[in-house]
Amino acid sequence: MKTKDTFIDEDIIKKLTNLTFPHISLKNQNSIYLNLYRYDTFRLVLYFFSMTGRPDRKLPKNWNKILGASGCTLQNSKFRDSYEKFIEQNAIPIGISTQSVEDLKEMTQRLNIPFDILSDIDLKLSKKLKLPTFSVENNVYIKRITLIVEKNTIKKIFFPIIYPNKHVDEVIEWLKR
């Protein structure tokens, strides 16, 4: 297993909190660009995940041994199951991964995801925000991190996310405050 972590600044939360979100649009699972720079009244809950597996493909070698890599399908399912709770809190969840639009479309259809999942395959957003990543088999993946963005300002960062099955509840509790 060969993994290489990018440098993770101990102050990632400090650096991202109250940062103005960059002007950027990414393609969703239907190849439609979604502008993330918004002044809407609702909050964006941007949850980044490394990769969901596909039933027709093998995972990268030793994937389940990489701390924080596995559990992304569970994470997406938890956000899906809590979608109405997000709406009640004036928030919209949006997933972001470095996977291809094709892979994201397969996943959203298979899991019945009712919201946008975006592809940052070229790492445009990840690099602008200097998000933590790791590499496996010459592919770069985003570490699990969640940002709450309100009127183009990052208000809250959840990192690291150790338990994806409990994370959604933490986010909803924060939104209620």
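These numbers were taken from a predicted model, which means no experiment stands behind them.
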Test item: [X] and [Y] side chains (from C-beta on) under 4.5 Å apart, heavy atoms:
{"X": "T146", "Y": "I157", "answer": "no"}
{"X": "K124", "Y": "D122", "answer": "yes"}
{"X": "I113", "Y": "M107", "answer": "yes"}
{"X": "L19", "Y": "T153", "answer": "no"}
{"X": "I172", "Y": "S82", "answer": "yes"}
{"X": "T20", "Y": "I154", "answer": "no"}
{"X": "W174", "Y": "I148", "answer": "yes"}
{"X": "P22", "Y": "L129", "answer": "yes"}

TODO: Treat each ILVMFWY residue as a node, draw an edge where side-chain heavy atoms are under 4.5 Å apart, and state whether I12 and L125 are in one component.
DONE: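 As far as the 4.5 Å side-chain criterion goes, L125 and I12 are connected within one cluster.
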Open item on the list: Tell me whether V149 shares a hydrophobic cluster with I24, the cluster being built from Ile, Leu, Val, Met, Phe, Trp, Tyr side chains joined at under 4.5 Å.
Closed with: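 Yes, because V149 and I24 connect within a single hydrophobic cluster, where side-chain heavy atoms sit under 4.5 Å apart.
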Nearest 0.5 Å, please: how far is [atom2] in [Y] from [atom1] in [X]?
{"X": "K155", "Y": "N18", "atom1": "NZ", "atom2": "CG", "value": "5.5 Å"}
{"X": "Q29", "Y": "T108", "atom1": "CD", "atom2": "OG1", "value": "4.5 Å"}
{"X": "K65", "Y": "S70", "atom1": "NZ", "atom2": "OG", "value": "12.5 Å"}
{"X": "Y163", "Y": "L74", "atom1": "OH", "atom2": "CG", "value": "13.5 Å"}
{"X": "I142", "Y": "I96", "atom1": "CD1", "atom2": "CD1", "value": "7.0 Å"}
{"X": "F158", "Y": "K156", "atom1": "CZ", "atom2": "NZ", "value": "5.0 Å"}

Task: Face-on cation placement of K143 at Y141 ring, 6.0 Å and 45° thresholds - done: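 Not flagged: K143 not positioned over aromatic ring of Y141.
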Show which side-chain atoms of residues 31-56 pair as donor or acceptor with protein atoms under 3.5 Å away, not counting sequence neighbours.
from	atom 1	to	atom 2	distance (Å)
N35	OD1	Y37	N	2.9
N35	ND2	Y37	O	3.4
Y37	OH	Y39	OH	3.3
R38	NE	D40	OD2	2.5
R38	NH1	N35	O	3.0
R38	NH2	D40	OD2	3.0
R43	NH2	Q89	O	2.5
R43	NH2	L175	O	3.3
Y47	OH	N76	OD1	2.6
S50	OG	A69	O	3.3
T52	OG1	Q99	OE1	3.4
R54	NE	D56	OD1	3.0
R54	NH1	D103	OD1	2.8
R54	NH2	D56	OD2	3.2

Carboxylate-amine/guanidinium proximity below 4.0 Å for [X] and [Y]:
{"X": "R110", "Y": "E106", "answer": "yes"}
{"X": "E173", "Y": "K176", "answer": "yes"}
{"X": "E170", "Y": "K78", "answer": "no"}

Task: Heavy atoms of other groups near K85 NZ, more than 12 under 6.0 Å - done: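 For K85, atom NZ is not crowded (no more than 12 foreign heavy atoms under 6.0 Å).
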Open item on the list: Taking CG in L123 as the centre, count heavy atoms belonging to other residues, nucleotides or ligands within less than 6.0 Å. Is the count above 12?
Closed with: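 Enclosed: over 12 neighbouring heavy atoms sit under 6.0 Å from CG of L123.
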- [ ] Verify side-chain contact (heavy atoms from CB on, under 4.5 Å) between N28 and I117, making sure each step is shown before the conclusion.
- [x] CA-CA 5 Å; N28 72 3; I117 304 290; over 6 Å; no
Task: Over all atoms of both residues, closest heavy-atom pair of V140 and S135 - done: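 For V140 and S135, the tightest heavy-atom pair comes out as CG2-OG, 3.7 Å.
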Task: Over all atoms of both residues, closest heavy-atom pair of P132 and I145 - done: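 Here P132 and I145 meet closest at CD-CD1, 4.3 Å.
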- [ ] With side-chain contact (heavy atoms from CB on, under 4.5 Å) as the test, would you mind laying out the steps for K61 and E137 before giving the verdict?
- [x] CA-CA 8 Å; K61 190 175 181 180; E137 297 177 1; 3.1 Å; yes
Open item on the list: D120 vs L118, test: side-chain contact (heavy atoms from CB on, under 4.5 Å). Steps then yes/no.
Closed with: CA-CA 7 Å; D120 192 18; L118 306 179; over 6 Å; no
- [ ] Give the C-alpha distance, both sets of side-chain angles, the deciding distance and a yes or no for ring pair (Phe, Tyr, Trp, His ring centres under 6.0 Å) between F134 and W63.
- [x] CA-CA 12 Å; F134 65 98; W63 183 258; 5.8 Å; yes
Open item on the list: With side-chain contact (heavy atoms from CB on, under 4.5 Å) as the criterion, how do F159 and I161 come out once you've worked through the C-alpha distance, each side chain's angles and the decisive distance to 0.1 Å?
Closed with: CA-CA 5 Å; F159 181 79; I161 299 167; 5.6 Å; no
- [ ] Take the angle between the ring planes of H167 and F79 and call it parallel below 30°, perpendicular above 60°, tilted in between.
- [x]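 Ring orientation of H167 relative to F79: tilted.
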